[in-house]
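Please read the structure below before turning to the comments.
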There are 2 protein chains.
Amino acid sequence: MSHSEAMAVREYIHPDLEGVPLNTALQALADPARIAILRAILASGTGEIACNEISLPLSKGTVSHHFETLRGAGLIRTRVEGTKCLSSVRRQEFDERFPGLMRLVESENSQA
Amino acid sequence: MSHSEAMAVREYIHPDLEGVPLNTALQALADPARIAILRAILASGTGEIACNEISLPLSKGTVSHHFETLRGAGLIRTRVEGTKCLSSVRRQEFDERFPGLMRLVESENSQA
DNA sequence: TGATTAGTTTGATTATTATCGAACAATGAG
DNA sequence: CTCATTGTTCGATAATAATCAAACTAATCA
């Protein structure tokens, strides 16, 4: 492909929270791996985390899939930074849409 | 079987809410049919409902399974009343364990 | 330009969950 | 006792969802 041609820059779709059904949010949260990802982001100093920064016993393809699911449910926002993609929790928006939900994820630190 | 022999009376197991992991609760709630059942109970005048009183496009075997799942997650309590089994929402206990969750189920009246 | 890093996508496989119909069990009514 | 009602359980199937490995894309670096 020529150097001067238009090159599709990686772009992420972030849904409007108002359009996210409760069921979608609950389904996204009903997986231990995704809960672990959310907690890792929340626990990070910067509030942002890259896919490969979180250590889960999963292949990178699977981790990418979980990030995608969280994104689709309006739980995280992802931006491109060089070669990596930093994700943050859409805390305020999500809280407005589903009050109390994220707080539960945050406060439960025992089991899955 | 003789009339005087011990007859196993239908008995339901209701878990202690403290022992219910967040993940179990979320998974139980991540199904439109179960959300519909909870809403039907909450909307009923008595606060109790029998399996067959709720009209869903599902076989009775499947409905029974969903009630069982809700029971296992500590969301409902079921008692035997004659030939029917009346289920109610364990509202207060559930609210103490997972503040805000049931409220979301209750307030969302649009989609799934 | 070539190599490296980070993540995505695809295709296939496995695991889990939902679902049904039919058989079964318990209770109450005739 | 026999029948009707209400659920449960079982066995099988269908539909989802999770997972991996490998190929691919983009961006940076040397």
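Each chain gets a letter, A, B and so on, in the order the sequences are listed, and its residues count up from 1.
For the pair A/Asn52 CG and D/dT28 C1', the interatomic distance rounds to 15 Å; values are reported in whole Å. Rounded to a whole Å, the CG atom of B/Leu29 is 15 Å from the P atom of C/dT17. Distance CG (A/Leu56) to C1' (C/dA6): 16 Å, rounded to an integer number of Å. The distance between atom CG of A/Leu26 and atom P of C/dT17, rounded to the nearest whole Å, is 16 Å. Atom CD in B/Glu68 sits roughly 15 Å away from atom P in C/dT19 (whole-Å rounding). Per the geometry, CD belonging to A/Glu11 stands 17 Å off C1' belonging to C/dA6, to the nearest Å. Rounding to whole angstrom units, CG of residue A/Leu70 and P of C/dT8 are separated by 12 Å. The NZ atom of A/Lys84 sits 14 Å away from the C1' atom of D/dC29 (whole-angstrom rounding).
The shortest side-chain heavy-atom distance between B/Asn52 and B/Lys60 does not fall under the 4.5 Å cut-off. Considering only heavy atoms from C-beta on, A/Glu53 comes within 4.5 Å of A/Leu86 through its side chain.
Between B/His65 and D/dT9 there is no side-chain polar atom (N or O) within less than 4.0 angstrom of OP1 or OP2. Of the side-chain N and O atoms in B/Tyr12, none sit less than 4.0 angstrom from OP1 or OP2 of D/dG7.
Taking a cutoff of 4.0 Å between a charged side-chain nitrogen and a carboxylate oxygen, A/Glu106 and A/Arg91 qualify as a salt bridge.
Considering CD1 of A/Ile76 and OH of A/Tyr12, their distance stands at 9.0 Å, rounded to 0.5 Å.
Mapped onto DNA chain D by nearest heavy atom, A/Leu58 and A/Glu81 fall at different nucleotides, with A/Leu58 at the one closer to the 5' end.
Within 4.0 Å of B/Gln27, counting heavy atoms only, lie sugar-phosphate atoms of the nucleic acid but no base atom. Residue B/Gly61 is classed as a base contact, given a heavy-atom separation below 4.0 Å to a base. Residue-level contact check: A/Arg79 touches neither bases nor backbone, having no heavy atom under 4.0 Å from any strand.
Candidate nucleotides C/dG7, D/dT28, D/dA18 were compared by shortest atom distance to the side chain of A/Ala50, and C/dG7 ranks first. The side chain of A/Ser59 sits closest to D/dA21 out of D/dA21, D/dA18, D/dG7. Residue A/Arg34 places its side chain closer to D/dA18 than to any other of D/dG7, D/dA18, D/dT8. Of the candidates C/dT8, C/dA6, C/dA18, C/dA18 carries the atom nearest the B/Asp31 side chain, counting heavy atoms from C-beta on. Side chain of B/Thr62, nearest nucleotide from D/dT8, C/dC20, D/dA18: C/dC20. Checked against C/dT19, D/dT28, C/dA23, the side chain of A/Thr83 finds its nearest nucleotide in D/dT28. You'll find that the side chain of B/Lys60 is closest to D/dT8, out of C/dG7, D/dT8, C/dT19. With distances taken from any side-chain atom of B/His66 to the nucleotides D/dT19, D/dG7, C/dT19, the minimum falls on C/dT19. Residue A/Ser64 places its side chain closer to C/dG7 than to any other of D/dT6, C/dG7, C/dT19.
For the residue pair B/Thr78 and B/Arg71, a side-chain donor N or O sits within less than 3.5 Å of a side-chain acceptor on the partner.
With A/Val89 as reference, A/Ile41 is the one residue of A/Ile41, A/Leu75, A/Ile49 to meet the side-chain contact (heavy atoms from CB on, under 4.5 Å) rule.
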